[in-house]
Amino acid sequence: MTTDARGERMQYRVAIREAIAEAMREDERVFLMGEDVGRYGGCFAVTLGLLEQFGPERIRDTPLSELAFVGAGIGAALGGMRPIVEVMTGNFSLLALDQIVNNAATLSHMSGGQFAVPLVIRMATGGGLQLAAQHSHSFEGWYAHIPGIKVLAPATVEDARGMLRPALADPNPVLIFEHIRLYSMMEAAPNGPVSVDVHSATVRRGGRDVSLITYGGSLHKAMEAGEALAAEGIEAEVVDLRVLRPLDTATIIDSVRRTHRAVVVDEGWRSGGISAEVSARIMEHAFYELDAPVQRVAAAEVPIPYPAHLEGAALPSVAGIVECARRLVRGDTGNG
Amino acid sequence: MTTDARGERMQYRVAIREAIAEAMREDERVFLMGEDVGRYGGCFAVTLGLLEQFGPERIRDTPLSELAFVGAGIGAALGGMRPIVEVMTGNFSLLALDQIVNNAATLSHMSGGQFAVPLVIRMATGGGLQLAAQHSHSFEGWYAHIPGIKVLAPATVEDARGMLRPALADPNPVLIFEHIRLYSMMEAAPNGPVSVDVHSATVRRGGRDVSLITYGGSLHKAMEAGEALAAEGIEAEVVDLRVLRPLDTATIIDSVRRTHRAVVVDEGWRSGGISAEVSARIMEHAFYELDAPVQRVAAAEVPIPYPAHLEGAALPSVAGIVECARRLVRGDTGNG
Amino acid sequence: MSARALERDRALHLLREMLRIRRFEEKCAELYSAEQIRGFLHLYVGEEAVAVGVMQALEPDDAVVATYREHGHALSRGIPSGPLMAEMFGRAEGVSGGRGGSMHIFDARTRFYGGNAIVAGGIPLAVGLALADRMQGRARITACFFGEGAVAEGAFYESLNLAALWDLPVLFCCENNLYAMGTHVALSHSETDIALKTTAFRMPAWAVDGMDVLAVAEHARRAAAVVRGEGGPAFLEFRTYRFRAHSMYDAERYRERGEVQQWRERDPLVTFPALLRERGLLDDATLDEVEAEVQRELDEAVAFAQAGTLEPVEHLSRYVYMDERVAEGPS
Amino acid sequence: MSARALERDRALHLLREMLRIRRFEEKCAELYSAEQIRGFLHLYVGEEAVAVGVMQALEPDDAVVATYREHGHALSRGIPSGPLMAEMFGRAEGVSGGRGGSMHIFDARTRFYGGNAIVAGGIPLAVGLALADRMQGRARITACFFGEGAVAEGAFYESLNLAALWDLPVLFCCENNLYAMGTHVALSHSETDIALKTTAFRMPAWAVDGMDVLAVAEHARRAAAVVRGEGGPAFLEFRTYRFRAHSMYDAERYRERGEVQQWRERDPLVTFPALLRERGLLDDATLDEVEAEVQRELDEAVAFAQAGTLEPVEHLSRYVYMDERVAEGPS
Ligand SMILES: Cc1ncc(C[n+]2csc(CCOP(=O)(O)OP(=O)(O)O)c2C)c(N)n1
Ligand SMILES: Cc1ncc(C[n+]2csc(CCOP(=O)(O)OP(=O)(O)O)c2C)c(N)n1
Ligand SMILES: [Mg+2]
Ligand SMILES: [Mg+2]
C-alpha cells in the first residue's frame with residue numbers, strides 16, 4: 001500500500017519499535033515510559049527488546065497510574081526531556097484525560113507562549129480482537145476535538161515507522177493512535193532514519209466516482225471496498241486522513257471536487273465522531289460540488305460486545321462500505 | 001422565553017434547587033453528593049439551604065475525589081439508590097470520565113441487561129465569567145458521543161426546574177449540563193411537581209428564512225440574534241436542542257425543511273463539536289432541502305483565555321451569529 | 001452431625017470449590033487454544049484459596065465486585081458453571097448474555113457486579129454499593145477484589161478514603177500475587193507492604209497467607225464480622241501467586257521459572273489435600289469422587305456452552321439504554 | 001557583617017516578603033471590588049509564612065509548581081510585582097501575557113510552572129520536572145505546593161508513589177489550612193493527620209507550624225537538603241489557616257467567626273514582628289520604612305498594570321500550538 005517505501009517488509013509493531021529505538025539512539029532526551037513497556041515487552045509486544053538495549057532508566061516500566069505518569073510525561077517535557085508515554089489502550093487513557101486536556105493542551109497558550117510541551121503519547125485503539133466493552137473503543141476522533149494537541153493515526157507500516165520522528169520534533173503534545181488490528185500487519189517500510197509528512201492526508205487509491213474518507217484501521221477496509229467496487233465498475237478514491245488534528249481539509253475537499261460524492265468511514269461511534277466533522281467540513285467547503293449527501297459508515301452506537309458476530313456487526317465492514325458507496329453512486333440515499 | 005410557564009419568576013439556580021428538594025421529598029432513595037454541596041452551599045450556590053433541610057446523609061459533602069465519588073454514585077445506583085452527583089464543572093469531570101464512560105455507560109449493555117444505572121450527574125459548563133483555561137470549557141457535546149448515557153442541557157428556568165424529575169426516573173445515567181451564565185437568569189417557572197419532556201428539541205422562535213440551532217447558554221444569544229435579524233427583515237427560527245443525546249433529529253430536520261438554511265451555534269470548540277454532528281445529520285436527512293450549506297458558529301479553537309476581550313472573541317457572540325445568518329440568507333457563504 | 005463430620009464436610013467443600021475453579025480454568029485454557037474462547041483470558045490458577053476462602057464469609061445478600069480475573073470468584077460465589085462457560089463462548093445463554101466474555105461476568109441473582117476490566121475500576125462501585133446499603137440501613141457488605149497492581153491507581157486511594165470516611169461496609173480484598181502483568185510489586189510500589197497503605201486512611205488491615213484456604217477463610221470471617229458489625233470497612237491483603245501467564249498473550253519474560261516452581265510447592269490444591277490426608281479427612285477414594293463430581297459438572301458446563309446459541313445481530317442495540325426499570329435482583 | 005546584622009537582615013527580609021504578599025493581596029481584593037480584577041481570585045492572607053519560608057530553601061535553578069492560590073508563591077519566588085499585577089488585570093504585560101489571570105501565573109525565568117486551577121493537577125507535573133532533572137543528572141529540586149483538600153485526589157497518591165519509587169527530587173509542600181473551599185479536613189479525610197499519608201509510600205515527612213516563618217524556613221531548608229542530597233522526595237505538612245474567604249464568591253457559612261479570630265492571633269504578620277521587636281531586631285521606624293518600601297513597590301505595580309495594554313484579539317490563537325522550539329528558560 002505504501003507508495004515509495006523501498007525497504008524490507010516488516011510488521012507494523014516492529015516499525016514502531018524501530019522508530020522508538022532510532023529516536024532513543026539519536027537523542028538522549030528521548031525516553032519511553034508506560035505500563036509493561038520494559039520487562040513484559042509491551043502489552044502488544046511493540047517494545048520487545050528495548051529494555052535490553054536502553055536499560056530501565058530510559059525504558060521505564062510504570063505502576064498502574066495513568067494520570068500521574070502521563071502528567072509526569074508533561075512535566076518531563078517541560079523539564080527538557082522528550083518523553084514518549086505509552087498508554088495501553090484508548091479506554092484506559094480516559095484516566096489520564098485531565099492531564100492531557102487541562103494541562104498538556106493548555107500550558108503553552110495560557111502561559112502566553114512561555115512553555116512548550118514536546119510530548120508524544122502513544123496508545124492502542126480500536127476493536128476487532130473481541131476484547132469487549134472496556135478495551136475496544138476508538139477515542140482518537142474525540143481527542144481530535146481538543147485544541148493544543150495534535151492527533152496522528154498511522155495506517156501503514158511506513159507511517160508507523162515515520163511518524164514518530166516528526167512527532168518528537170514537534171514542540172506540542174502529539175498523540176499517536178495505533179490500531180490493534182494493524183500491529184501484526186506486514187508491509188514494506190523505508191530504511192534508515194525516516195520522517196514522513198505529518199500535516200497532510202493522502203490519497204491511497206485514485207478514483208472518480210466516490211471518495212472513501214477514512215484513517216487507521218478502517219483504511220484497509222476502505223481499500224478492500226475500493227477493490228470490490230471497482231469490480232462493479234465504481235471507481236472509488238480512498239483518502240487516508242492520517243492526521244486527525246489538525247485535519248487536512250484541502251485534501252478532503254480536493255477529492256470531493258473530483259468525485260462529487262463521499263463516504264466517511266470511521267471506527268468511532270457515529271454521533272459526534274470524527275466522521276461528523278469531516279461531513280461538516282465538506283458541507284462548508286464543497287456543498288455546491290456535491291451530487292449527493294455525504295454518508296457515514298461508523299461504529300454502531302453500542303459498547304463493543306465480546307462475541308465475534310456482534311462485534312463484527314458493531315464495526316464498519318467492507319460489505320457495509322461497499323453497499324453505502326454503491327447506493328450513493330446509484331443515487332439512492334433515501335434522503336428526502 | 002418559556003411558553004407555558006405560569007408560576008412565579010425565579011432564578012435558574014433556584015429552579016434547580018427546588019427540583020432537587022422536590023425529588024428528595026418525594027423519594028427517599030434520592031440523595032445529592034458532591035464537593036461543597038452542603039456546608040458551603042454549592043460552588044454556584046445552587047444547593048444553598050438543602051443541607052439544613054435534608055441533613056448531611058442526604059446532602060453529602062465529598063472529598064476532592066471526582067473519580068471515586070462519581071464511581072460511588074454508579075455503585076449506589078446499582079444498589080438501589082437514586083443519586084444525584086454534582087461535579088463542579090465540566091473541566092473537572094474529566095477526572096471522572098473513566099467511571100462515566102467505562103462503567104456507567106457500559107454496565108447495562110455488557111451485563112446483558114441485568115443492571116440499570118439510574119444515576120443523574122449534574123455539572124456546570126461553559127464560559128463567560130473569565131474563569132480561564134481550566135474552568136470554562138463546554139464538554140457536553142463531547143459527552144454526547146457516548147452510547148449508554150443521556151445528555152440534557154436546560155437553557156430555560158422551566159427546563160432547569162423540570163428536567164430533573166424525568167432524569168431521575170430514567171433507568172439510565174443522565175448528565176445535566178448547567179451553563180454558568182444562566183444560574184442568575186430570572187424567568188417564570190412552573191409551580192409544583194413538574195416534569196418536562198426530555199426527548200425532544202423545541203422551537204423557541206418561529207421563522208422561515210434560516211434555522212438557528214443551538215442549546216444551553218447559546219440559546220439566549222441565538223434569541224437575541226433572532227431579534228436583531230428580524231429588524232433586518234430576516235426571520236430566524238430558533239431551535240433549542242435541549243437533549244444532546246439522543247439528538248432529536250426530527251425537530252432539526254422539520255425546521256430545516258421550513259427554512260432551507262441553518263446555522264448551528266455551539267459554545268463547544270468547533271472541530272468535532274456537537275455542531276458538526278448537527279451539520280452531518282442535516283446533510284444526511286435534508287440535503288436536498290438545503291438552499292445553502294449549513295454553517296457553524298462555535299467557540300474558537302483555543303483554551304479559553306482570562307481577559308474579557310479575548311474570552312469574548314473566543315465564544316460565540318450575537319453579532320457573530322447575526323453576521324453568519326445574514327451572509328447565509330443573502331447567499332454569500334464563500335463556498336466554492 | 002458430629003464436630004468431626006462437620007469439619008470434614010467443610011474441608012471437602014473448600015477443596016471441591018478450589019478444584020472446581022482449577023479444572024474449569026484448565027479447560028478454558030484448552031478451549032482458548034481450540035479458539036472456542038477468544039479475547040483476553042486471565043486465569044486464576046494458584047490463587048483459588050483466596051476467592052474460595054473469602055466467599056465463605058459472605059451471605060447470599062452481600063455483593064461482590066471483582067476484576068477481569070474473576071472466574072474463581074464467580075464460581076465460588078455460586079454462579080452456575082454452565083452459564084459461566086457459555087459466557088466464555090459468547091453465547092446468549094451466558095451469564096451476561098454472552099456480551100461480556102471472560103472479563104465481564106455479571107450476575108444479578110448473586111449480586112455479582114463484574115467482572116471489571118479497568119484496573120481498579122470496580123473499587124469505586126463497591127464503595128457506592130456499600131453506601132447504598134448504609135443509607136438504606138441494611139446489614140449487607142460488599143466484598144471488593146483487586147490486585148496489588150491496582151493499588152497504584154488513584155481510584156484505589158480515593159475509594160479507601162471515602163469508605164473509611166463514611167464508615168461503609170466494604171471488605172477490601174487485595175490479591176497480592178506479586179505481579180501486575182509483568183511488573184513486580186517492587187516496581188509498582190515504593191512501599192511494598194501493601195497492608196500498610198491503609199495507615200493513610202485509618203482502616204484496619206491484615207495480611208494473610210493467600211495460599212492457605214483455612215487462613216483466608218478465618219481472616220475473612222473475622223474481617224467480615226467487623227465490617228458487618230460496625231459498618232466500617234476493613235482491608236485484607238492476601239499474599240498469593242499466579243502460576244500461569246498473566247493472560248494467554250504473555251511470554252512471561254519477567255520472572256524466573258524457579259520462582260514459579262517455588263510457589264507451586266505452596267499450591268493450595270497440593271497443600272490442602274495433603275493437610276486433609278494428614279488429619280485423616282481425605283483418602284484416595286474421596287478425592288477421586290470429588291474429582292469425578294467436578295469433572296461431571298465441567299463436562300455439563302462445556303456441553304451447555306457448546307449447545308448455546310448466538311444472540312441475534314438484531315439485538316445489538318438492546319440494553320444500550322434500559323427501557324424500563326429492570327428488576328434489581330435481590331438488591 | 002556581624003552575625004547579629006545577618007540575623008537582622010534575614011529577619012527583615014522574611015518580614016518584608018510576607019508583607020509584600022499581604023499588601024499585594026489586600027490591594028487585589030480592593031481591585032476586585034472595583035472590577036479591575038475578575039474571574040476567580042483566591043487570597044493567601046494568613047498563609048504567607050509558608051511560601052516565604054519555603055522559598056528561602058530554593059536555588060534559582062529549582063522549579064516551583066503551585067495552585068490557583070499562588071500570588072504569595074509567585075512574589076516570594078521573585079516574579080516582579082508589576083507583571084504579576086498586570087496578569088491579574090489581564091494585560092499583555094502580565095507575566096503570562098495576561099491570558100491566565102490570578103489562577104495561572106507562569107514564569108519561565110524563575111521556573112514557575114503555574115498556577116494550576118485543577119486541584120492536585122500540578123502534582124504530576126512536579127514529578128515529571130523532577131524526573132527530567134534526575135535523568136539529566138542535575139542537582140535541582142522541584143517544590144510542589146498544594147492544599148490538604150488536594151490530598152484526597154488520586155493524582156496526589158499516584159504522584160507520591162512515583163516520586164518515592166523513582167527517588168525523585170520533589171519537595172512536597174502541603175498547605176493544610178483546614179478547609180477545602182467549605183469542607184473541613186475532617187470531612188475530607190478519614191485520617192486527618194496528613195503527614196501520615198506518606199507512610200503508604202515510605203517517604204519522609206514532617207509536620208510544621210505554618211504560621212511560624214522561621215520554623216517553615218528551617219524545616220524547608222533541612223528537607224530541601226535531603227531532597228537535593230539523596231535525590232529522593234520529602235514531604236512537609238504546614239499547619240496554617242486562611243483568614244479570608246476561599247475566593248471572592250464565598251460567604252463562609254462553614255466556619256465560625258471565633259475560629260477565624262483565634263487563628264488571627266497567630267497571624268505571622270503580627271507574631272513575627274512582635275518576635276523581632278522582642279529580640280530587638282525591629283522598631284517602629286524600621287517597620288514604617290519596610291511598609292513604605294512595600295507600598296512603593298505596590299503602587300508601582302498597580303500603575304504598571306493599569307498602564308498595561310490589551311493583547312490584540314487577532315493574537316487569540318497564538319501559542320495554541322508552538323510553532324518553533326521556544327527558549328526553555330533556565331531549564
Ligand atoms: C486502567 C488499566 N490500565 C491497564 C490495564 C491493563 N492491565 C490489565 S491487568 C493489568 C495488571 C493488573 O495487575 P494486578 O492489579 O496486580 O492484578 P492481577 O492481574 O495480578 O490479578 C494491567 C496492567 C487495564 N486493564 N486497566
Ligand atoms: C479537580 C478540581 N475539583 C474541584 C475544584 C474546585 N476547587 C477549587 S479550590 C478547591 C478547594 C481546594 O482545597 P485545598 O486543596 O485544601 O486548597 P486551598 O484552597 O485550601 O488552598 C476546590 C474544591 C477544582 N478547582 N479542581
Ligand atoms: Mg497482581
Ligand atoms: Mg485547604
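Letters go in sequence order (proteins before strands), and every chain restarts at 1.
Here the shortest heavy-atom pairing between Tyr288(B) and Pro293(A) reads OH-CD, 3.3 Å. Closest approach of His109(A) and Val302(B) over heavy atoms only: NE2-CB, 4.1 Å. Between Gln134(B) and Thr106(A), the shortest heavy-atom contact is NE2-OG1, 4.3 Å.
Residue-level contacts of residues 241-256 of chain A with chain B, in order of numbering, are Arg245(A); threshold 4.5 Å between heavy atoms.
Inter-residue side-chain proximity for Leu94(B) and Ile100(A) is flagged as unmet; no heavy-atom pair is nearer than 4.5 Å. Within the 4.5 Å cutoff, the side chain of His137(B) has no heavy atoms near those of the Val101(A) side chain. Between Ser279(A) and Met283(B) there is a side-chain heavy-atom pair separated by less than 4.5 Å. Counting heavy atoms from C-beta outward, Leu95(A) and Leu67(B) have side chains that approach closer than 4.5 Å.
When each of Gly272(A), Gly141(A), Ala280(A), Pro147(A) is scored by its heavy-atom pairs under 4.5 Å with chain B, the top score falls to Pro147(A). Most heavy-atom pairs under 4.5 Å with chain B, from the set Glu66(A), His145(A), Arg270(A): that is His145(A). Most heavy-atom pairs under 4.5 Å with chain A, from the set Ser275(B), Ala300(B), Ala292(B): that is Ala292(B). The greatest number of non-hydrogen atom pairs below 4.5 Å with chain A, out of Pro303(B), Ala132(B), Pro305(B), is found for Pro303(B).
A donor-acceptor contact under 3.5 angstrom links the side chains of Arg281(A) and Ser271(B), judged on distance only.
Ring geometry for Trp142(B) versus Tyr143(A): interplanar angle over 60°, hence perpendicular rather than tilted (30 to 60°).
Asn91(A) places no side-chain N or O within donor-acceptor distance of the main-chain N or O of Asn102(B), the cut-off being under 3.5 Å.
Residue pairs meeting the salt bridge (Lys or Arg N to Asp or Glu O under 4.0 Å) criterion with at least one partner in residues 85-103 of chain B, sequence neighbours excluded, are Glu86(B)-Arg122(B).
Contacts of Ile304(B) with chain A are absent, with no heavy-atom separation under 4.5 Å from either backbone or side chain. Residue Ala133(A) touches chain B through both its backbone and its side chain, counting heavy-atom pairs closer than 4.5 Å.
Residues that satisfy the ring pair (Phe, Tyr, Trp, His ring centres under 6.0 Å) test with His135(B), not counting sequence neighbours, are Phe92(B), Phe40(D). When the side-chain hydrogen bond (donor to acceptor under 3.5 Å, both in side chains) test is applied to Tyr215(A), the partners found at least two apart in sequence or on another chain are Glu140(A), Asp266(A).
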